[in-house]
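Counting from 1, the numbers follow the sequence of the chain as shown.
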Amino acid sequence: MENFLFGKLSLKALPHHWYTIGATVTIAIMALAIAIILTKTKRWRWLWKEWLTSTDPKKIGTMYMIFASVMFFRGILDAGMLWLQQSIAADSQGYLTATHFQEIFTSHGDIMVFFVTMGFFFGLMNWIIPLQIGARDLAFPFLNSLGFWLTVAGGGLINLFFIIGGHFANTGWLAIVPLSELEFNPDAGVDYLIWSLQLSGLGSLLAGINFIVTIIKKRAPGMTLMKMPLFVWTSLCAMVLIISAFPVLTATTFLLWLDRFLDFRIFTTGFGGNQMMYFNLIWMWGHPEVYILVLPSFGMFSEIVATFSQRKVFGYTSMVCAAIAITLLSFMVWLHHFYTMGSGADVNSFFAIMTLLIAIPSGVQVFNWILTMYHGKVIFASPMYWFVGFLSIFMVGGMAGVLLATPPIDFQVHNSLFLVAHFHTMIVGVALFGIFAGVTYWFPKIWGFTLDERLDKRAFWFWLIGFYVSFIPLYLLGFLGAPRRLDHYAASTGWQPFYIFASVGFVIILCGIATQVFLIIVSIKKRKRNLDTTGDPWNGRTLEWSTASPPSFYNYAVIPSVTSRDEFWHMKNSRRKPQKKHYEDIVLPKNTGMGIYISAFAFVVGFSLVWHILWLAALGSIGVIACVIILSFDEEMEYELTAAQIERMETSKARG
C-alpha cells in the first residue's frame, strides 16, 4: 500500500545535504519575500489579471526574459562552483565530491541551454517578430501562453530535486548512457532531468509551430518572404529546426525513461540494448540544437549592423541562402561528435566534409557584416560593441570548429577541454552576446527608455576580457590532454595554473554581470532623462521602430502596407505624404489561466512519474485532458476593440 501511495518517495528524499538544505532555505525565503511584497502592495489580483494570464505576446515575452534571467543566475552559480573546484583540486579532492561535481556539471549545461538561452530568444521573438512583420499577435495566442508555462514547469521540475530528491543526474547534460541507466543511477535525478526536458521540450515545440505559422500567414500586405527582416528569417529557420529536432529529443528521453521504469533495455550495454543508438539519436537532436541557439543571434546582429552602419545589409539574398543552408546542413553533421567510435574512414570522411561545408555559409554572413560596415558610416553605440566582440570570438570558435571537424585532429582532442572551450565559444560568444546585443538594441522599444551607454559598454569589456581569460586556458588545457568533466587531478600534470587563470576570468565575468545588474538599476532611476519619445531612438530601418515605445497592446492601429525590404527606412526617406488612417474593428484574444492550469497538471504528471506514483500521474493526466475539453467549449476567447475606441486611444496617445 505504501508503494502504491508514495512510489519511491520517502523521508530520505527530504533535504539532507548542505547544498540541498541551503537551496531549499533560499527558495523558501525568496518565495516568502515575494508573497509579502505582493500582499503589502495588494498586487496579487493585478499580477494574475495583467501578467500571468495574459495572451499578449509582449507580456509573455517579458515573462520569458524574467524567467530566463532567474535561471541565468542559477546557471552562473553552477559555473562558479565548477571553476572553483577545478582551481583548487590539485592533489586533493577539493570541496566537492566527484558525484556532486558531476551533478553540477549536468545541471549547468541543461539550465543554460534549455532555460536561459532559449528563454531569452523566445522572449525577444515574442516582442519583436509580430512588430517586424506588421502583425498584431501570434497566430495562436493561447498556445503561446501554454508554451511559456510548460517551459516554466520544466524549469521548476529541474530545480525541485533541491527540495525533494537530494541528488540530480550526474551523467552530463545529455544524460549519456550507460551512466543514465538504472544500474549506474538508481536515484531520481535522471528522471527529474528526463521529465523537465519533456515539459520544456513540449513548450518549445508549441512555440516553434506558433512562430512558423505566424511568419508564414500573418505578414503585413506586401511583405513577401524576400522582404522580411533577417531576424525574422533566422528565427524562422531556428523554428524549423525546433519542430524537426525536438521530437527526436522527446522520443529519445522517453525511451530512456522506459529503460529505467519498465526495464525495456533499449540503450543498455546488454540484453539486446544498443547504447550507440542513444548517441546517434541524442546528437541528431543535439547538433541542430546548437544552430537553434545561434541562428537567432545571427539575425539580431544583421539588424544591429545595418542600423548602426546606416545602410542596408550587404548581400541580403546571400544572407537568406546562408541561413537556409545552415539549417539544412545542421542535420548532416551529428556524427562528428563521436569520430572515435570506430565507424570507419568512409563515414568519418562524409561527416567531416559536411561539417567543413557548414562553415561556408557562416563565413558568408561574416563577410557580409564586414562589408556592410565597410560601405556604411558606423556608429559605435553599445549594441555595436557586443557585435564587434561577437565577431572576434566567432573567429576563434569557427577556427576551432574547423579543427574539430577534421578526424585526425579530433582523435587527439576528443573528450578534452578543447571541446568544452569551443562549445562555450559558440554559445557564450555567439548566443549570449547576441542576447545582450538584442536586449540592449530593443530595450527602448520594450520599456520606453534607453539603457545607460557608459555602463553597458563597461559591462561589455568585462564580458569580453573575462571570456578570453576564462576559455583560452581551456583550449590550451585541451592540447595538454586535460579531459572534460574532471573533478580533481595530479599537481604533476602542470594544469593547475591554467585552471586558476580561467577562474580569474570567471571573476571578471562576474564583474560584468554585476555591472549589468547595476546598469538596469541606474537606467530605471534615470528613465525620465532617457525616455524614448520618438519610438525610433537608433534611426532604425524595420517596422518595429514605426510604433510607439512601448507599443500599444494591439501593436498596430492600422496594419501597414509594405513596399520595400527596410520599409520604415523607406517611409522616413521618401517624400510620400502620410495618408489619413482608416481605423477598423480589431478582434483580440482574452486573457486565460488555462495555460497555467494545464502546465500545473503536466508538472504533477512529471513529478509523479519521477517518483513512480502512478495514481497521481493518472489524476494529473485527467486534469490536463479536462482542461483541454473545457477550453474547447469556450466560445468567448476573444473580444472586439471597436474602431471608435482605437481612434480615441490613438488620438490620446498623439496628444500625450
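Taking CD1 from Ile326 and CG from Leu295, the interatomic distance works out to 5.5 Å, rounded to the nearest 0.5 Å. Once rounded to the nearest 0.5 Å, the distance linking CG of Asp452 with CD1 of Ile520 reads 10.5 Å. Of the inter-residue distances, the one linking Ser523 atom OG with Asp456 atom CG reads 8.0 Å to the nearest 0.5 angstrom. Atom CD in Gln516 sits 11.0 Å away from atom CZ in Phe462 (nearest 0.5 Å).
Below 30°, between 30° and 60°, or above 60°: for Trp51 and Trp46 the angle between ring planes is above 60°, a perpendicular geometry. The aromatic rings of Trp495 and Tyr499 sit perpendicular, their planes meeting at an angle over 60°, well past the 30° parallel limit.
In this structure, Arg45 forms no cation-pi arrangement with Trp48, as its terminal cationic atom is not both closer than 6.0 Å to the ring centre and no more than 45° off the ring axis.
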Intermediate values then yes/no, salt bridge (Lys or Arg N to Asp or Glu O under 4.0 Å), Lys445 and Asp532: CA-CA 8 Å; Lys445 182 56 55 182; Asp532 174 23; 5.0 Å; no

Output, in order, the C-alpha distance, side-chain angles, deciding distance and verdict of side-chain contact (heavy atoms from CB on, under 4.5 Å) for Ser309 and Tyr374. CA-CA 8 Å; Ser309 298; Tyr374 177 76; over 6 Å; no

Test side-chain hydrogen bond (donor to acceptor under 3.5 Å, both in side chains) applied to Tyr441 and Thr307, step by step: CA-CA 10 Å; Tyr441 179 58; Thr307 297; 2.7 Å; yes

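Aromatic ring centres of Trp369 and Phe390: separated by under 6.0 Å. Phe479 has its ring centre no less than 6.0 Å from the ring centre of Tyr475.
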Pairs under 3.5 angstrom only: tabulate donor-acceptor contacts from the side chains of residues 110-121 to other protein residues two or more places apart or in another chain.
from   : atom 1 : to     : atom 2 : distance (Å)
Thr117 : OG1    : Met112 : O      : 2.8

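If you check the side chains of Ser382 and Arg454, you find no donor sitting under 3.5 Å from an acceptor. Remark: the Tyr316 side chain and the Trp233 side chain contain an N/O donor-acceptor pair separated by less than 3.5 Å.
Among Phe380, Tyr385, Phe387, the one residue that satisfies the ring-ring contact (aromatic ring centres under 6.0 Å, His included) test with Phe460 is Tyr385. The side chain to side chain contact (heavy atoms under 4.5 Å, CB included) with Phe498 is formed by just one residue from the set Pro473, Ser503, Ser87; it is Pro473.
Evaluation of the salt bridge (Lys or Arg N to Asp or Glu O under 4.0 Å) test over residues 459-475, restricted to residues two or more places apart or in two chains, returns none.
Using a 4.0 Å cut-off between charged nitrogen and carboxylate oxygen, Lys218 and Asp137 do not count as a salt-bridge pair.
Heavy-atom neighbours of Lys312 NZ from other residues, nucleotides or ligands within 6.0 Å: at or below the threshold of 12.
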